[in-house]
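Here is the structure we will look at.
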Amino acid sequence: MPMFFDAWHFDGQSAVRRNVEIEARGHQFYLREQDKQSGPFDFADLRFLENKADTKVYGLEGRDGWRLGLRGNVPSELVPMLPAAKTYGGLIDRLGLGKASLVFAGISAAVVAVVLFSPQWLAPLVPSSVEQKLGDALVGDFGGRFCDTPQGKAALAKLTRSLDDNPQDLQVEVANIDMLNAVALPGGKVLLFQGLLSQAKSPDEVAGVLAHEIGHVRERHVMQGLLRQMGLAVVLGGFDGSGGSTLNSMLSTTYTRDSEREADERSLQALKRANISPVGTADFFNRLAAMDGSGDIKDRQARTMASYSSSHPLSDERRKLFENAVVKGAAYKPALTPDEWRELKTMCAQDKDVKSGWGFDIE
Amino acid sequence: MTEHQGKAPSAVTFHGSWTDFAKIALPNVLLTLVTLGIYRFWATTRERQYLWSHTRFIDEQLEWTGRGIELFIGFVMVFFLLGLPLVIMQLVINGLVFQGQPLLAGIIIFAMIMFVFYLTGLAYFRALRYRLSRTYWRGIRGGSDDEGFTYGFSYIWKNVVAAIPLYLLYPWASMSLWNERWSKMSFGPYQFQSDADWKALMKRYLLFYLVPFLLFVGAIMIGVSAAASGAGGTPFSTAGGVAAAVMIIFGVLGIYILMPLAALLYYSKFMRVAIGALRIGDLEFDFTARSPDWILYWLGNLAIWMLAYGAAFAPFSIFIAADPTQFAQQLEAGESILSFGLVIGILVAIIPIAFASSIIRYRRWKFFVVHTEAFGEVNLDRMTQSTTQSASHGEGLLDAFDVGAI
Ligand SMILES: [Zn+2]
């Protein structure tokens with residue numbers, strides 16, 4: 001028993017608009033226009049496209065440009081055969097805008113939480129060989145800028161040994177660069193910059209900074225930071241413009257600060273075990289804080305390059321932390337003997353082969 | 001069956017209202033926010049569906065058939081095929097500099113810049129092709145048989161040639177690229193043709209080009225007169241001080257008002273010449289927006305942005321005004337509760353800005369549609385379906401480089 005309905009139609013072959021009658025036969029239909037007829041088409045192949053003023057427009061699966069428009073109220077006999085109208089499409093229409101938003105917000109919060117927290121237990125799962133290779137790829141031999149004299153190296157090794165029980169998985173180097181900084185890199189690499197050594201007044205100072213960087217290595221902060229940064233970049237990559245990157249730096253800075261606190265704790269413990277006074281480290285932070293904000297171009301370059309390692313927020317609190325750790329009347333011993341300290345401090349000056357600066361300095 | 005179309009009423013008309021559009025834009029902002037930005041591809045699609053379906057050509061509305069998933073796939077492709085390798089290259093370059101090989105690093109950086117340049121050209125082309133292939137009128141769509149790979153090279157060499165005489169040939173490059181791009185597009189069985197003449201742009205371009213020089217000369221003249229009149233006196237209490245202040249005002253005026261104005265004058269002429277030279281089948285186009293229209297349009301956009309940024313930053317200013325020193329201290333100490341508050345603050349600040357950019361897109365579309373005219377006739381029998389291939393992914397590249405389609 002066929003049923004007839006009025007509609008307009010484009011066949012996708014030409015731009016001519018046709019006024020047609022839909023002849024429904026079970027799950028199929030024909031389109032009739034005076035003496036012409038097309039079909040049969042399956043109702044199941046119809047796709048809802050849009051609401052155009054008072055008209056519902058449908059397309060046909062596999063037919064480019066095929067359109068069928070039903071004006072006004074669709075006859076009730078035809079309604080069950082036609083695909084439902086869509087506003088947002090799929091999931092959101094089914095749940096409703098409010099509920100769908102809540103569901104999405106929940107999922108998003110969970111994803112961000114996973115990206116923020118999972119590096120803590122993911123980082124230790126990264127094989128140390130991979131981390132080693134990554135560190136080598138990033139730094140290599142630092143363009144021949146690592147300083148090396150037998151006495152200086154011996155002093156550095158002694159210092160490292162006194163601060164860590166497993167110095168064999170650490171690679172501590174002095175880089176011949178005039179910069180007041182130190183970094184921990186993937187693969188247990190710790191770089192002390194020559195600027196730090198030249199300005200240091202005692203080996204105790206260097207010990208505190210070195211212990212801090214070793215703390216980063218032992219807490220796997222470097223790998224954690226890398227994973228977190230990459231994760232946030234992926235998750236917040238959907239935002240365009242500066243919104244995503246602002247959120248990214250916001251979230252990761254919070255973690256950087258936590259890491260710094262942990263590394264400072266580690267440093268204090270190591271100094272205590274080695275019976276080295278924290279006063280020197282407090283002095284160091286004091287000097288660093290004074291320099292904060294005055295970063296010259298070299299410094300900024302260095303900071304950009306070390307951006308995937310760790311940044312050190314400079315503040316008074318850290319100085320206080322180390323000052324307060326000083327035990328009155330304790331019998332501290334210096335981290336190195338005067339001879340060893342001199343050898344370490346002058347290692348770069350004594351090393352004739354070492355390159356200096358950044359390589360693009362005009363010197 | 002032939003439908004004729006005279007000069008008036010306009011063949012291209014817009015029937016939307018921004019309040020109706022806002023009913024689409026606001027849920028879009030909400031959904032984009034809660035999906036960490038992923039929904040924006042579907043948001044774009046819904047926006048375009050509204051804009052296209054409220055644009056009428058002769059007697060029938062346009063139809064946008066692009067889908068959110070296409071744009072999303074395009075974005076993901078660019079993210080993994082381009083974004084990730086670029087990040088890795090960045091690390092490699094850092095490593096090379098660390099290891100003292102700045103020359104090699106320089107060569108790689110140059111190659112990367114050229115590659116990105118090529119892709120930018122490709123992106124312009126692909127975006128236009130994608131948009132035409134998803135635009136239907138009376139069941140017929142547009143497209144292109146060209147993949148755009150040669151256009152990418154044209155984009156490089158024409159821009160390089162334009163830059164050699166101190167960018168004086170920029171109008172030639174942009175116009176010739178416009179012609180090349182559109183000549184490879186089609187709608188239905190008809191190929192677009194474009195032979196716009198760049199020389200018509202030179203007067204406006206030279207005006208834009210000379211504004212900085214004129215400003216510089218003006219500043220020097222004021223400076224000289226200031227030095228002459230203010231010599232020996234204390235600064236800011238004499239004519240010299242006043243002249244210095246005038247000079248600063250002059251500079252600010254130049255950079256923030258005269259430069260954009262000159263650019264707008266040039267762009268206005270460009271669009272008039274470029275669209276005016278566009279033809280397809282028996283149809284010719286015209287773009288009627290003159291400089292005053294552009295200035296009003298631009299001022300309107302400026303006002304919308306200012307309102308949006310005002311709304312975005314208002315909550316923060318209250319935050320800071322309550323207790324600035326405590327705020328600074330807590331920020332320095334990196335208290336996590338506060339960071340959480342800030343994160344929420346930034347998320348909320350995204351709302352007015354995202355809404356404003358949506359309204360700006362509406363204004364842009366409306367501006368173009370209202371000022372576009374078409375003359376000639378369309379033979380509906382001969383207007384048959386396009387045989388062009390249609391790419392299944394959207395404007396990922398375009399998205400990545402943040403460039404416009406036309
Ligand atoms: Zn640190």
Side-chain angles (χ1 to χ4, degrees), chain A residues 10-17 49-50 52 57 59 64-67 88-89 92 97 100-102 104-105 107-108 111-112 137-145 230 233-241 243-244 246-247 250-251 253-254 256-258 304-305 308 313 315 317 355 358-360, chain B residues 1 27 30-40 42 46 49 53 59-61 63 65 68 75 79 83 87 91-92 94-95 97-102 136-141 188 332-334 336 339-340 342-343 346-347 349-350 353-354 357 378 380-386 390 399 402:
Chain A
F10 292 117
D11 62 7
Q13 304 296 309
S14 89
V16 177
R17 183 194 181 98
L49 290 179
E50 60 176 333
K52 221 184 205 180
V57 184
D64 195 11
W66 190 99
R67 297 289 179 268
Y88 298 93
I92 303 172
L97 182 61
S101 301
L102 285 177
F104 286 143
I107 294 171
S108 296
V111 167
V112 170
L138 288 176
V139 186
D141 70 342
F142 214 54
R145 284 181 192 80
M230 287 192 311
V234 170
V235 166
L236 300 177
F239 282 119
D240 53 355
T246 312
L247 278 176
M250 227 37 244
L251 290 168
T253 317
T254 312
T256 314
R257 289 190 176 122
D258 286 350
T304 326
M305 280 178 201
Y308 40 80
S315 85
E317 272 180 40
K355 292 202 177 77
W358 282 112
F360 31 74
Chain B
M1 249 184 130
L30 171 70
L31 287 166
T32 303
L33 208 57
V34 296
T35 55
L36 296 173
I38 293 171
Y39 186 77
R40 75 185 158 101
W42 285 267
R46 274 175 28 87
Q49 273 170 356
S53 70
D59 60 341
E60 190 70 40
Q61 287 106 324
E63 183 191 349
T65 63
F75 172 78
F79 193 89
V87 169
L91 288 179
V92 169
N94 272 345
V97 173
F98 256 148
Q99 292 169 34
Q101 300 193 357
Y136 282 72
W137 179 73
R138 291 174 157 262
I140 304 296
R141 65 173 172 85
E332 172 70 13
S336 49
S339 297
F340 182 73
L342 274 180
V343 166
I346 292 167
L347 283 173
I350 289 176
I353 291 169
S357 46
V378 182
L380 293 178
D381 282 318
R382 269 191 251 145
M383 187 62 135
T384 52
Q385 190 56 283
S386 174
S390 57
D399 235 60
D402 199 22

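Here is the naming used below: chain letters follow the sequence lines, and residue numbers restart at 1 for every chain. Just so you know, these numbers use all the heavy atoms, side chains as well, and skip hydrogens, waters and symmetry mates.
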- With sequence neighbours left out, what residues match B:Tyr136 under side-chain hydrogen bond (donor to acceptor under 3.5 Å, both in side chains)? A:Asp64
- Query: Sub-3.5 Å donor-acceptor pair from the side chain of A:Ser14 to the main-chain atoms of B:Asp381, do we have one?
  - Reply: no
- Message: I want to check something: taking the side chain as every heavy atom from C-beta on, are B:Glu60 and A:Phe10 in contact at a cut-off of under 4.5 Å?
- Response: yes
- Query: In chain order, what residues pass the side-chain hydrogen bond (donor to acceptor under 3.5 Å, both in side chains) check against A:Gln13, with sequence neighbours excluded?
  - Reply: none
- Note on the structure: Heaviest contributor of heavy-atom pairs below 4.5 Å to chain A, chosen from B:Gly139, B:Ser386, B:Gly188, is B:Gly139
- Which atom pair, heavy atoms only, marks the closest approach of B:Glu63 to A:Arg67? OE1-NE, 2.7 Å
- Give, as side chain, backbone, both or neither, the part of B:Thr65 having an atom under 4.5 angstrom from any heavy atom of chain A. side chain
- Do A:Ile92 and B:Trp42 come within less than 4.5 Å of each other through their side chains, counting heavy atoms only? no
- For A:Glu50 and B:Ser53, work out which heavy atoms get closest and say how close. OE1-CB, 3.4 Å
- Segment of A:Leu102 engaging chain B (4.5 angstrom heavy-atom cut-off): neither
- Item | Interface moiety of A:Phe104 toward chain B, non-hydrogen atoms closer than 4.5 Å | both
- Which heavy-atom pair separates A:Val112 from B:Leu36 by the least distance, and what is that distance? CG2-CD1, 3.8 Å
- Task: Would you check if B:Thr35 and A:Ile107 make a side-chain contact, meaning some heavy-atom pair closer than 4.5 Å?
- Result: no
- Query: Can you tell me how far OH of B:Tyr39 sits from OG of A:Ser108, rounded to the nearest 0.5 angstrom?
  - Reply: 14.0 Å
